[in-house]
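One structure is given here, and the rest of the page talks about it.
Within every chain, numbering begins at 1; the chains are lettered A, B, ... in the order of the sequence lines, protein sequences first and strands thereafter.
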Amino acid sequence: MELADPIDIIFRSFLFILILFLITKIVGKKQISQITFFEYVSGITVGSIAAEVITGLESNISYGIMSILIFGLTAVLVDFTALKSKKFRDIVEGRGTVFIEDGKIQEDNLKKERYSTDELGSLLRRQNVFRVADVEFAVLEPTGDLSVLLKKENRPLTPKDLQLTVADEKVPQTIIMDGKVLNDPLAKSGKNRAWLNIELQKLGVTIDNVFLGQVDSFGELTVDLYDDKIQVPSPQERPQVMALLKKCQADLELFSLGTDSEGAKKMYKRNSQKLTEAIEKLSPYLNG
Amino acid sequence: MTVAANVNQCLSTIKGIEAQLSLFALNFQDEKARVVLHESMMLMEEIKKDLQTRITELELEEPQYKKT
């Protein structure tokens, strides 16, 4: 072995780390999840070429770079063409195969994809389905995952099924991390430091003691402390207002029963009605 | 407690609720929630007005209990 060999290997390694890094940046996240067979294969090939050129000192660096670039750029090109043309997309990325339709297993499609009944069962179980009869529709995705649509009666209950209105919730912003304030999320949630200081004072904690602090779309601050022995009170303002509303409504009912004046009776009744209306409208936002 | 005092108490509770609702309207991120809050605040406003009139009537009826 010559003296220059280790140096050459070090040089090649770093060079190809750089090239592979750039290629993966260009090709993007899609390659990592290996959406299609083509991307899967090209990913492996690029890796093998790099390994071959780094350790095989007799092979030419520029050839290696060239072939990696070709594979990388082809992947990008295929992605772009697939974006434009549905036909091309079907060929390159493949289409899903329907395994269960209208609750009936499609034996022909199963055979076409060479899946046995056991394998179908195993795929279904992975989706927490143990009874084929519960399934309305199932399709084998090009990635090899099975997507399952359960029959309506077997799907989890949602607020929509119960005809409940619920408040829209936005993503909570993390505004304190490791005892430090994060300015960007703080601004994004429409708050400032003065507000944060007041809220922390309300909770009775110092910012140094806060490991993680989040503000939700109701503008309420919840914190996790380093000191787990301290109990942090949970925000009570919304349920409190709800309770007050209900109390006032009951009071007005009482007044309307208690008074002898016909006009006052009517007035109390009307206002108690208004409060009931307000309670109904506010309950999605003030409960929980 | 006289009737007037009871109604007065209820009125101040309504005022407190209105203040809290306006605070929520500032804090909530959801636009729909804010609209609902403002509508409820308007309702509170109406109730406040009615109760205020009633309190004046009651104080005229039972002037001996009027707060000094």
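Atom NZ of B:Lys32 has 12 or fewer neighbouring heavy atoms from other residues, nucleotides or ligands inside a 6.0 Å radius. Counting non-hydrogen atoms of neighbouring residues, nucleotides and ligands closer than 6.0 angstrom, the NZ atom of A:Lys25 reaches no more than 12 such neighbours. Counted within 6.0 Å of CZ on A:Arg155, heavy atoms from surrounding residues, nucleotides or ligands total more than 12; the atom is thus considered enclosed. Within a 6.0 Å sphere centred on NZ of A:Lys180, other residues, nucleotides and ligands contribute 12 heavy atoms or fewer. Atom NZ of B:Lys48 has more than 12 heavy atoms from other residues, nucleotides or ligands within 6.0 Å. Within 6.0 Å of CD in A:Glu153 there are more than 12 heavy atoms belonging to other residues, nucleotides or ligands.
Between B:Arg54 and A:Thr259, the closest side-chain pair of non-hydrogen atoms falls below 4.5 Å.
Interatomic distance, CG of A:Asp251 versus CG of B:Asn6, reported as 7.5 Å (0.5 Å rounding). Here the straight-line distance linking atom OH of A:Tyr285 with atom CG of B:Leu21 works out to 13.0 Å at 0.5 Å rounding. The distance from the CD1 atom of B:Ile14 to the CG atom of A:Leu275 is 4.5 Å, given to the nearest 0.5 Å. With rounding to the nearest 0.5 Å, the separation of CG in B:Leu51 from CE in A:Met267 is 5.5 Å. In this structure, B:Ser40 OG and A:Leu286 CG are separated by 8.0 Å, a value rounded to the nearest 0.5 Å. Rounding to the nearest 0.5 Å places CE of B:Met44 at 8.0 Å from SG of A:Cys248.
Of all non-hydrogen atoms in B:Gln29 and A:Lys170, the two that sit nearest each other are CB-CG, 4.5 Å. Taking each heavy atom of B:Phe24 and A:Val241 in turn, the nearest pair found is CE1-CG2, 3.7 Å. Contact between B:Val36 and A:Lys281 at its shortest, heavy atoms only, is CG1-O, 3.6 Å.
When B:Asp50, B:Leu26, B:Leu43 are compared by the number of non-hydrogen pairs under 4.5 Å with chain A, B:Asp50 comes out ahead. Per-residue heavy-atom pair counts under 4.5 Å with chain B were compared for A:Asp216, A:Leu245, A:Leu252, and the maximum is reached by A:Leu245.
With a threshold of 4.5 angstrom between heavy atoms, A:Ser272 does not approach chain B through any atom at all. Residue A:Lys274 touches chain B through both its backbone and its side chain, counting heavy-atom pairs closer than 4.5 Å.
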side-chain contact (heavy atoms from CB on, under 4.5 Å) between A:Lys191 and B:Asn27, intermediate numbers included: CA-CA 9 Å; A:Lys191 308 288 181 216; B:Asn27 275 335; 2.9 Å; yes
Full working for side-chain contact (heavy atoms from CB on, under 4.5 Å) between B:Leu23 and A:Glu237: CA-CA 10 Å; B:Leu23 199 67; A:Glu237 280 137 350; 5.7 Å; no
